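Every chain is numbered from 1, with letters handed out A, B, ... down the list of sequences. Every value quoted in this text rests on a predicted model; they were computed, and no experiment measured them. No hydrogens, no waters, no symmetry mates; every other heavy atom, side chains included, goes into these values.
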Protein chains: 2
Amino acid sequence: MLSTVTAQTPSLPAHDNPTVVRLFEAAADAFADKGFHATTTRDIASRAGLSPAGVYVHFASKEDLLFQLSRVGHVAARDALAAAADEAASPTDALQEVISEFARWHAEQHQIARIVQYEFRHLSPDHQREVLTLRREIDAVVERIIAEGVASGEFDVEDTRATALAALSLVVDVARWYHPGIKATTPESIAQSYGALALRLVGARRRA
Amino acid sequence: MLSTVTAQTPSLPAHDNPTVVRLFEAAADAFADKGFHATTTRDIASRAGLSPAGVYVHFASKEDLLFQLSRVGHVAARDALAAAADEAASPTDALQEVISEFARWHAEQHQIARIVQYEFRHLSPDHQREVLTLRREIDAVVERIIAEGVASGEFDVEDTRATALAALSLVVDVARWYHPGIKATTPESIAQSYGALALRLVGARRRA
DNA sequence: GGCGAAACTAAGCAAGCGCTTAGTCAAGTT
DNA sequence: AACTTGACTAAGCGCTTGCTTAGTTTCGCC
């Protein structure tokens, strides 16, 4: 033992490895569907077409799978948000674009979104801390847009932080109720209406 | 055996029985904290000061405990809502009161609220169906208020159903992030600000 | 064609799970 | 005093869990 590196799974599983991808998809399906603790490693393995032990070739533990899924999901969400924010010409545009984009993401990627939003507490303390950093970046994007809108006079908001939280609540909850084929609702229609609702929340003068 | 009634738990556990109350509290704590599947019956029993077998004197199964908690929680929420709706003089008042009250409830009873909103899928299909009925009654209260506000011209809303869902999303998400002592936020301050935010969502002319 | 490494499986271990069984004990009831 | 009833526990059953171990197969490389 001593200084020999104990045989850990590669810290960043290769995304171009087809077996890893299948495992990601299998775990995402299962976690989103039944929750982390109700999902068994045997379930994940068989969905991916592997024996129970096959999982541990690519991931150190069941929690590691949840963490990687959660991390990749957060990064994807954050990048989608940041891109939408950068393209906008004004706080009003920015808020609408960002909430619109985020709502669409929560619908289109509702499995990953559900894991990101609701399985957080089952991560280890260390992994919670790491993911929390990413989450704060997302919150900060929205909060900054609202602060800018208030500064420019476009928005009428009492409590910037609380309003940002409310706008995010709107969007996050999509992951709770949305599933494909629900009541003539599509990711696109959700994106449209939630962008508009967010503008209402901040009392934007100009309506899109 | 034959036709003798198999010893089932009384279908409705007595709420005035102190041991039952302790079990309810223990299970609510545990489920809210760690989720249904991560909670063990031994954990519930020991929090309630009982041996592992003591739980089964009062409840038929772990799922039965979740169901009773979920049912009682839904009924309490629905009744609180309906009372708030009845007292209001106008749709504007009604919406503000109802969302305000519901938001307060989600903060004050955040443990029960979390179970009600996020442990639903771990109920048996039959129990899901029963709880869903109660949930639809809650949705209907909010939807009716918005429809009335649109009819009276107080609200400016494109899609009544979608807007009702959004208002409820706002409130439901409180159960995800709220915990006592968080950032100078109290159930009362949440109630205040969420009542106002709901009015913004429906484009109410009159602001409270 | 011999070798090392990587991917994978068959088998199974130790621990923990929900729940049951058999029994104790205290408080009525007759 | 004899019996019933209801709340509770000690012990543990049968099963499932996350994960490991020991071994097989496949494949690129010299």
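- Atom NE2 in A:H122 sits roughly 16 Å away from atom P in D:dT17 (whole-Å rounding).
- Judged by the 6.0 Å and 45° rule, B:R135 forms a cation-pi pair with B:F120.
- For the pair A:H37 NE2 and D:dG18 P, the interatomic distance rounds to 9 Å; values are reported in whole Å.
- Atom NZ in B:K62 sits about 12 Å away from atom C1' in C:dG16, given to the nearest Å.
- Shown for residues 26-33 of chain B: no residue has heavy atoms falling under 4.0 angstrom of DNA chain C.
- Between C:dC8 and A:T19, a contact under 4.0 Å exists linking OP1 or OP2 to a side-chain N or O.
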side-chain contact (heavy atoms from CB on, under 4.5 Å) between B:F36 and B:I115, worked out
CA-CA 8 Å; B:F36 177 70; B:I115 293 165; over 6 Å; no

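- Electrostatic pairing of B:D126 and B:R129 counts as a salt bridge here, judged by a charged N lying under 4.0 Å from a carboxylate O.
- Close to D:dG6, at under 4.0 Å from its OP1 or OP2, lies no side-chain N or O of B:H58.
- Using the six-membered ring where Trp is involved, A:W105 and A:F102 have ring planes that are parallel, under 30° apart on the 30 and 60° scheme.
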Please determine whether side-chain contact (heavy atoms from CB on, under 4.5 Å) holds for the pair B:T39 and B:D43, giving the CA-CA distance in whole Å, both sets of side-chain angles, and the decisive distance to 0.1 Å.
CA-CA 7 Å; B:T39 299; B:D43 186 16; 4.2 Å; yes

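- In this structure, A:H122 has its ring center closer than 6.0 angstrom to the ring center of A:H37.
- Contacts between residues 39-55 of chain A and DNA chain D, defined by a heavy-atom separation under 4.0 Å, are made by A:T39, A:T40, A:T41, A:R42, A:A53.
- Taking a cutoff of 4.0 Å between a charged side-chain nitrogen and a carboxylate oxygen, A:E25 and A:R22 do not qualify as a salt bridge.
- Taking the six-membered ring for Trp, A:F24 and A:F59 have ring centres closer than 6.0 Å.
- The CG-P distance, from B:L23 to D:dT9, rounds to 10 Å in whole Å.
- Rounded to whole Å, atom C1' of D:dT20 lies 18 Å from atom CZ of A:F59.
- Contacts of B:A85 classified as side-chain contact (heavy atoms from CB on, under 4.5 Å), with partners at least two apart in sequence or in another chain: B:V98, B:V141, B:I145.
- Summarising the geometry, the separation between OH on B:Y56 and C1' on C:dC19 is reported as 5 Å, rounded to the nearest angstrom.
- Rounded to an integer number of Å, the gap from CG of A:N17 to P of C:dC8 is 7 Å.
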